[in-house]
Amino acid sequence: MEGFRVLYWYWWCLALVLAALEMFIPGAALLWIGGAAGVVGVVALVFDIGLVAELVLFGVLAMLAWFLSRLLARRDPDDTQSGTLNRRGEQYLGQVLTLEEAIVNGYGRARVADGIWRVAGATDMPQGSRVRVTGVDGAILRVEGT
């Protein structure tokens, strides 16, 4: 490989390319591997270690970065793995709510967090009654008096 010299900024360009690819392939740990390329670029700037040593260093750092990214992803799972993420109503099972609108003929409305949900109850109840969520039927919360 005489005559060919990898300059430190080549590594930084590789780091930027990998970071940019992470935007199109999220979760692929390319950002971490790009970080490894950036570190190799810093080492190449400070020390003249040669292309082979730079490639070995990049390979080792890239593997370490990939394993570290997998380890951190496993330790901190995101909410997308929650069983009720797409079933919001089930998150409210067992909660006690206050009726914003009386239950008449089986239906009324109750405040849940910052929203109003339609509720269904077996008996009519006046506005302001406290009810417990016992079930979910689509976008309707099944409630009973407390």
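All values reported here derive from a predicted model rather than from experimental measurement. Starting from 1, each residue takes its place in the sequence as its number.
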How about Trp32 and Leu72: do any of their side-chain heavy atoms sit closer than 4.5 Å?
yes
Polar contact flag, side-chain donor to acceptor under 3.5 angstrom, Arg132-Thr146
no
Treating Ile, Leu, Val, Met, Phe, Trp and Tyr as nodes and any side-chain heavy-atom pair under 4.5 angstrom as an edge, say whether Leu55 and Trp9 lie in one connected cluster.
yes
For residues Ile33 and Ala62, report the shortest heavy-atom separation together with the two atoms involved.
CG2-CB, 3.9 Å
Would a hydrophobic clustering, with Ile, Leu, Val, Met, Phe, Trp and Tyr connected at side-chain separations under 4.5 Å, put Leu61 with Phe47?
yes
Is there a donor-acceptor pair under 3.5 Å between the side chain of Asp137 and the backbone N or O of Arg142?
no
Cluster question for you: counting only ILVMFWY and a side-chain heavy-atom cut-off of under 4.5 Å, with indirect links fine, are Leu31 and Val60 together?
no
Close side-chain approach of Arg109 and Trp117, heavy atoms under 4.5 Å
no
Are Val119 and Ile140 side-chain neighbours, meaning at least one heavy-atom pair lies under 4.5 Å?
no
Do the side chains of Val112 and Ile116 get nearer than 4.5 Å, heavy atoms only?
no
Does Trp12 reach the main-chain N or O of Gly38 with its side chain, forming a donor-acceptor pair under 3.5 Å?
yes
Would you call the rings of Trp11 and Phe58 parallel, tilted or perpendicular, where under 30° means parallel and over 60° means perpendicular?
tilted
Hey, does Arg118 have a side-chain heavy atom less than 4.5 Å from the side chain of Leu141?
no
If two hydrophobic side chains count as joined below 4.5 Å and joins carry through other members, does Leu14 share a cluster with Leu51?
yes
Minimum side-chain heavy-atom gap Ile103-Thr123 below 4.5 Å
no
Given Thr98, which of Gln127, Arg130, Arg111 fulfils the side chain to side chain donor-acceptor pair (under 3.5 Å) condition?
Arg130
What about Leu7 and Leu18, same hydrophobic cluster or not, with Ile/Leu/Val/Met/Phe/Trp/Tyr joined at side-chain heavy-atom distances under 4.5 Å?
yes
Test item: Val143 and Thr134 side chains (from C-beta on) under 4.5 Å apart, heavy atoms
no
Which residue, Leu45, Val43, Val46, forms the side-chain contact (heavy atoms from CB on, under 4.5 Å) with Tyr8?
Leu45
Pairwise side-chain contact, Val52 with Glu54, heavy-atom cut-off 4.5 Å (strictly under)
no
In Å and rounded to the nearest 0.5 Å, what is the OG to CG distance from Ser129 to Leu97?
12.0 Å
Heavy-atom pair of closest approach, residues Ala15 and Gly34:
CB-O, 3.1 Å
